[in-house]
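Structure first, then comments.
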Amino acid sequence: MQLSITLLALFAAAVSSAAVPRASSKCHTVHTGYLATFPGGMYYDLTSELQCLERTVNMSFTTTDNPSKWIAVGLNKKNQVTYGAGDPLFKVEYQACPKLPEQKPSIDDYEGRIIVSGSSNCLTVSNSGGSAPFFLEVKKCGDNVIPPISQRWEWGNDFGAVVFWRGNSGEEEIGYTIDDKSNPVTESGTHRIELGCDQSCASFGIKPKSKLN
């Protein structure tokens with residue numbers, strides 16, 4: 001009798017275990033919208049930690065007060081990401097990748113990748129092995145569990161939803177380069193938006209169309 005009870009218990013445990021689905025390790029969508037910049041505000045300055053904090057806090061209030069100032073980037077015929085060129089907008093999905101570090105769903109903080117909505121193409125740093133300025137393109141996604149460095153992005157929530165490239169080390173926060181008026185810097189002749197934080201840079205956002213300028 002004792003043997004029968006033990007076997008029944010083991011069978012019940014096996015059935016119960018099989019009924020509980022395991023969490024997927026694949027990247028999955030947590031946010032959708034348009035990759036956007038915030039000209040004239042909310043910049044990330046590496047010259048002073050205190051200055052960075054002060055400016056980010058101040059600009060976060062500006063973002064809240066004037067949410068329509070977000071301007072989306074475009075995509076040209078070469079699949080390069082541009083700013084101010086009048087190229088078509090493209091919808092994206094931010095995907096959290098559970099196998100990467102920095103996963104904090106309870107505070108909307110993730111590490112993952114950005115795909116073009118409804119496709120298998122990812123937002124990619126085209127010259128990730130080099131040095132700033134970096135440039136963006138849309139390219140076929142790599143691994144959907146551990147994305148390559150060139151396609152690895154952070155979604156942070158320190159002062160509102162912010163998006164940074166993780167850099168060559170996978171541990172950096174690199175945004176788009178800004179000028180002395182906090183406007184995005186682009187490559188002359190191509191309008192490709194430049195990334196790099198050697199001096200000052202700003203975080204991207206992923207915003208619904210209703211929040212775009």
Side-chain angles (χ1 to χ4, degrees), residues 25-31 35-38 42-49 51-53 55-56 73-76 78-83 90 92-104 109-116 119-159 161-179 182-188 190-206:
S25 60
K26 293 182 179 180
C27 303
H28 60 277
T29 299
V30 293
H31 292 286
L35 188 71
T37 64
F38 193 84
M42 199 174 64
Y43 77 82
Y44 187 79
D45 192 338
L46 298 184
T47 59
S48 166
E49 199 169 73
Q51 183 185 32
C52 169
L53 179 60
R55 288 184 181 275
T56 306
V73 297
L75 192 66
N76 67 20
K78 296 180 179 180
N79 282 335
Q80 299 168 332
V81 177
T82 62
Y83 173 83
F90 59 104
V92 299
E93 300 174 21
Y94 183 88
Q95 295 192 328
C97 300
K99 288 295 185 180
L100 295 179
E102 308 297 334
Q103 304 297 320
K104 301 172 185 175
D109 200 311
Y110 305 97
E111 189 168 346
R113 66 182 186 175
I114 299 172
I115 71 167
V116 176
S119 79
S120 58
N121 295 321
C122 280
L123 188 66
T124 307
V125 176
S126 59
N127 57 329
S128 61
S131 58
F134 300 101
F135 298 98
L136 297 174
E137 64 181 348
V138 168
K139 190 176 180 181
K140 185 174 177 61
C141 294
D143 191 85
N144 66 347
V145 176
I146 305 292
I149 288 293
S150 62
Q151 297 176 347
R152 201 173 296 180
W153 295 83
E154 175 187 357
W155 179 287
N157 199 30
D158 294 334
F159 302 99
V162 294
V163 177
F164 288 104
W165 177 48
R166 293 298 276 160
N168 289 323
S169 68
E171 299 179 352
E172 301 171 79
E173 293 182 334
I174 297 178
Y176 61 89
T177 305
I178 56 176
D179 61 20
S182 299
N183 292 315
V185 174
T186 61
E187 183 184 47
S188 178
T190 69
H191 290 281
R192 291 194 298 169
I193 192 166
E194 296 186 5
L195 274 67
C197 293
D198 291 343
Q199 296 180 3
S200 296
C201 66
S203 60
F204 287 100
I206 293 178

Return the minimal non-hydrogen interatomic distance between [X] and [Y], and the atom names on each side.
X	Y	answer
G167	I149	O-CG2, 3.1 Å
G196	C201	O-CB, 3.3 Å
A96	Q103	CB-OE1, 3.8 Å
G112	C97	CA-SG, 3.6 Å

request  = Given side chain to side chain contact (heavy atoms under 4.5 Å, CB included), test Y94 with W153 step by step and report yes or no.
outcome  = CA-CA 9 Å; Y94 183 88; W153 295 83; 4.1 Å; yes
Partner set under side chain to side chain donor-acceptor pair (under 3.5 Å) for [X], not counting sequence neighbours:
X	result
E194	none
T190	E187
H31	D108

task = Applying side chain to side chain contact (heavy atoms under 4.5 Å, CB included), run through N183 and I178 and close with a yes or a no.
result = CA-CA 5 Å; N183 292 315; I178 56 176; over 6 Å; no
Any chance you could measure [X], atom [atom1], to [Y], atom [atom2], to the nearest 0.5 Å?
X	Y	atom1	atom2	value
T82	E137	OG1	CD	13.5 Å
Q80	S126	CD	OG	7.5 Å
I115	C141	CD1	SG	6.0 Å
F135	L195	CZ	CG	9.0 Å
C197	W165	SG	CH2	10.5 Å

request  = Sort and list the pairs that fulfil salt bridge (Lys or Arg N to Asp or Glu O under 4.0 Å) and have at least one residue in residues 161-172, not counting sequence neighbours.
outcome  =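 Checked against salt bridge (Lys or Arg N to Asp or Glu O under 4.0 Å) - neighbours excluded - the pairs reaching residues 161-172 are E111-R166, E154-R166.
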Determine whether [X] and [Y] make a side-chain contact, defined as any pair of heavy atoms from C-beta on separated by less than 4.5 Å.
X	Y	result
Y176	T37	yes
F204	I114	no
C122	P147	no
R113	Q95	yes

task = Under the ring-ring contact (aromatic ring centres under 6.0 Å, His included) rule, collect the residues that match up with Y110, sequence neighbours excluded.
result =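 For Y110, no residue satisfies ring-ring contact (aromatic ring centres under 6.0 Å, His included) once neighbours in sequence are set aside.
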message = Has Y83 got a side-chain atom pairing as donor or acceptor with T186's backbone, closer than 3.5 angstrom?
response =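 No, because the side chain of Y83 does not come within donor-acceptor range (under 3.5 Å) of the backbone of T186.
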task = Could you tell me whether the side chain of N76 and the main chain of H191 form a donor-acceptor pair under 3.5 Å?
result =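 No; zero donor-acceptor contacts below 3.5 Å.
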query = Applying side chain to side chain donor-acceptor pair (under 3.5 Å), which residue pairs with at least one partner in residues 141-152 are found, sequence neighbours left out?
reply =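 Listed once each, the pairs are T124-Q151.
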inquiry  = If the condition is side-chain contact (heavy atoms from CB on, under 4.5 Å), which residues does V81 pass it with, not counting sequence neighbours?
reply    =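 Counting only residues at least two positions away or on another chain, V81 forms a side-chain contact (heavy atoms from CB on, under 4.5 Å) with V73, L75, F90, L123, L136, I193.
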task = Could you please spell out the steps behind the side chain to side chain contact (heavy atoms under 4.5 Å, CB included) verdict for S203 and V163?
result = CA-CA 6 Å; S203 60; V163 177; 5.9 Å; no
